[in-house]
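Just so we're on the same page: letters track the sequence lines, and every chain starts at 1.
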Protein chains: 2
Amino acid sequence: MTTIRDVAKKAGVSVATVSRFLNGNGYVSQEAAIAVKAAVEELNYELNTVARSLSTKKSNLIGLILPDITNPFFPELARAVEDVALTYGYTVVLCNSDEDPKKEKNYIETLKKKYIAGFIVTSNQLDAPHYANLKLPVVALDRVINEQIPTVVSNNRQGGFMGAQALVDRGSKNLLFLRGPEDFGSANDRYIGFKDAMERNSVAYETVFCPFHFAESESIVEKILQDNKDIDGIFASSDVQAAGALKAAHNLGLAVPKDLQIIGFDGISMGEMMTPALTTIAQDIYKMGAIAARVLIKQIEGQPIDNFMNEIPVSLVVRGTTKGAVT
Amino acid sequence: MTTIRDVAKKAGVSVATVSRFLNGNGYVSQEAAIAVKAAVEELNYELNTVARSLSTKKSNLIGLILPDITNPFFPELARAVEDVALTYGYTVVLCNSDEDPKKEKNYIETLKKKYIAGFIVTSNQLDAPHYANLKLPVVALDRVINEQIPTVVSNNRQGGFMGAQALVDRGSKNLLFLRGPEDFGSANDRYIGFKDAMERNSVAYETVFCPFHFAESESIVEKILQDNKDIDGIFASSDVQAAGALKAAHNLGLAVPKDLQIIGFDGISMGEMMTPALTTIAQDIYKMGAIAARVLIKQIEGQPIDNFMNEIPVSLVVRGTTKGAVT
DNA sequence: ATATTATGTGTAACCGGTTACACATTACAG
DNA sequence: CTGTAATGTGTAACCGGTTACACATAATAT
């Protein structure tokens, strides 16, 4: 392995000059720059990032903390983060916390020791102070941690409103709203938006807490649909829940969307695979991930953050689980 | 940050002794061990892995190369790899190559510079020599690279046979087999198994190449079903393809499984979410990932590898896209 | 003409570990 | 009782970068 000393020798300068040239800081004469550049190319020199990390206590690693890699929403997000990070020369370490706080802490500790440059946090296993005390650049993605931490979220309230309104507009009179995990702020915002819409429309509705997991959603919804035959519209806080609801409807022989309309939330590509394809409030997943990555990198590189709250608009994607619009 | 020198001072020994104690190699007297242990605890010392990596040219990082993080099969695999790696003290870096050889090479180069301990490769973007020349422990997962590289794959031939036979047993007389990407060995094994079954049963069949992507599968299958109304059974080389086929069937108003039976391959949990739920040849995804991780770690730690070819049995999971067994 | 500032470079210490090697002591074999 | 092996420890070099600081020269200000 060629080192910076080899390069220095070949270029006839000191290691300090080589380092300065490589990092573009300090003074380097034109002459020296040319010599170093030639030596680097001739020797095929590649900088050792481990040595650099040891010395600078920095790295080009970004941690992306995900609660559940098995929920398609997160891989789609991860892909966007990765895309952007790579173009800026950062490597993303995916941390699947599996909704286990211990696992998440373990990841954070391990990566801090590796001088990780920062974290993008999409999970909500740990409480806010824990992230705030990290002494590291952090971006909250798809959730709010606190006002000091730059945040990228969808306009969840608006989405909640839109989904509810869409069902009402299409004739649903008895709604079921599937709330997300109680401790998940974005899910609560969706609920607030939903309630908002309910106040402006006089339709009956009920709500139920439901984890973002298919099988649980299926059984919870199936039970409710059996107890309450009037329900003719379900709005889920996530597409995975909606998939469960759709399954439940099928299990009970309900015609979707004729007897029961369903709207999900997320806009994961899996929605298109279902039958009927899922109508949903689509988040701009790629954009969210991309912005989160950019904001984190800005922070890492000490650039000013213009706005701490990036609220991304959502959109209603009408597919098969709702009736044609009743305008 | 407390260093090994702080510990040495506090324990009244040299850094070499501390290091030997920490790594459990070389001679350390009982007395010294106790003193060091106490000092470590008192000072809350934690070893700096970056410094260690620089010195040893080793790390506890494992790279997991995935072709497409968006295909649910891979996150499920990743989870298993991660689980096992974590218990052995390794950290997994997920490398989503996005089926782009350049991206994959970039990952490999970046991680080699970080003294990555080894790779688990599930992608097939690069040719065999590239992986073989890595000078690093490698495990091939869900694909074969060559005989020198330890391999974990499903019994794909058997799976191909089973799926085909299952359709025939359930009355399908005109099969369509969706082949996977031509350069993907495991998919070809599934095809071989399928053909084997075809030779033992006199049923008509046709095959078509089809990428492991939902939308393409849907349109390819829809076209074929329109051209050939006789097809009454589809066997897909992956569940994602099968999802596309199911969608195509729905688009054309075909009753599944009455008019058309469908069997997928993989056993991803998404199969349960579809309607009807997908009958499939299930791979033991968790087991595959777990074994791959263990075999890689064995290699890394210089332990002997008992068998280079780990073929994991598959199983037929009968759900809703096939008729009840005709025994 | 002198003081000050900008430009340019090299030496050597440092980041925090590992480990070769030299040196000591103790145990055991012959 | 001596020779050899096993046990135990410390010093100092090394991994491959970064950078504070000292020093030199050229450019500009006064």
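In the helix from C:dA1-D:dT30 to C:dG30-D:dC1, the end axes, each obtained as the rotation axis mapping the C1' atoms of four pairs onto the next four within a five-pair block, lie 30° apart to the nearest 10 degrees.
A donor-acceptor contact shorter than 3.5 Å is absent between the side chain of A:T17 and the backbone of A:V13. A:N133 contributes a side-chain N or O that, together with a main-chain N or O of A:P129, makes up a donor-acceptor pair within less than 3.5 Å. Distance alone, capped at 3.5 Å, is enough to place a donor-acceptor pair between the A:S97 side chain and the A:E99 backbone. Checking side-chain atoms of A:N146 against main-chain N and O of A:Q148 turns up a donor-acceptor pair under 3.5 Å. No donor-acceptor distance shorter than 3.5 angstrom exists from the side chain of A:Q125 to the backbone of A:E104, with no hydrogens or angles considered. In this structure, the side chain of B:S19 does not engage the main chain of B:V15 through any donor-acceptor pair within 3.5 Å.
Residue pairs that meet the salt bridge (charged side-chain N to carboxylate O under 4.0 Å, His left out) test with at least one member in residues 129-143 of chain B, sequence neighbours left out, are B:D142-B:R190. Contacts classified as salt bridge (charged side-chain N to carboxylate O under 4.0 Å, His left out) and involving residues 105-134 of chain B (residues at least two apart or in different chains) are given here: A:E46-B:K113. Residue pairs satisfying the side chain to side chain donor-acceptor pair (under 3.5 Å) criterion with at least one member in residues 28-44 of chain A, sequence neighbours excluded, are absent.
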For residues 63-74 of chain A, which side-chain donor-acceptor pairs fall under 3.5 Å, sequence neighbours excluded?
| unit_1 | atom_1 | unit_2 | atom_2 | d |
| --- | --- | --- | --- | --- |
| A:D68 | OD1 | A:T70 | N | 2.9 |
| A:N71 | OD1 | A:F73 | N | 3.1 |

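For DNA chain C, none of the residues of residues 35-44 of chain B falls under the heavy-atom distance limit of 4.0 Å. For the segment residues 5-29 of chain A, the set of residues with a heavy atom within less than 4.0 Å of an atom of DNA chain D comprises A:R5, A:A16, A:S19, A:N23, in numerical order. Remark: B:L54, B:S55, B:K57 in residues 50-61 of chain B come within less than 4.0 Å of DNA chain D through at least one heavy atom.
Taking the side chain to side chain donor-acceptor pair (under 3.5 Å) definition, one finds that B:N310 meets it with nothing, sequence neighbours left out. Listed by chain and residue number, nothing satisfies the side chain to side chain donor-acceptor pair (under 3.5 Å) test with B:T122 (two or more places apart in sequence, or in another chain). In this structure, B:E311 has no salt bridge (Lys or Arg N to Asp or Glu O under 4.0 Å) partners at least two apart in sequence or on a different chain.
Residue A:Q30 is classed as having no contact, given no heavy-atom separation below 4.0 Å to the nucleic acid. If you check every strand for non-hydrogen atoms under 4.0 Å, B:E31 touches nothing.
Heavy-atom contacts of chain A under 4.0 Å fall on DNA chain C between two terminal nucleotides, which in 5' to 3' order are C:dA6 to C:dG16.
No side-chain heavy atom of A:L296 sits less than 4.5 Å from a side-chain heavy atom of A:V138.
Sparse packing is recorded around CD of B:E182, with 12 or fewer heavy atoms of other residues, nucleotides or ligands lying under 6.0 Å away.
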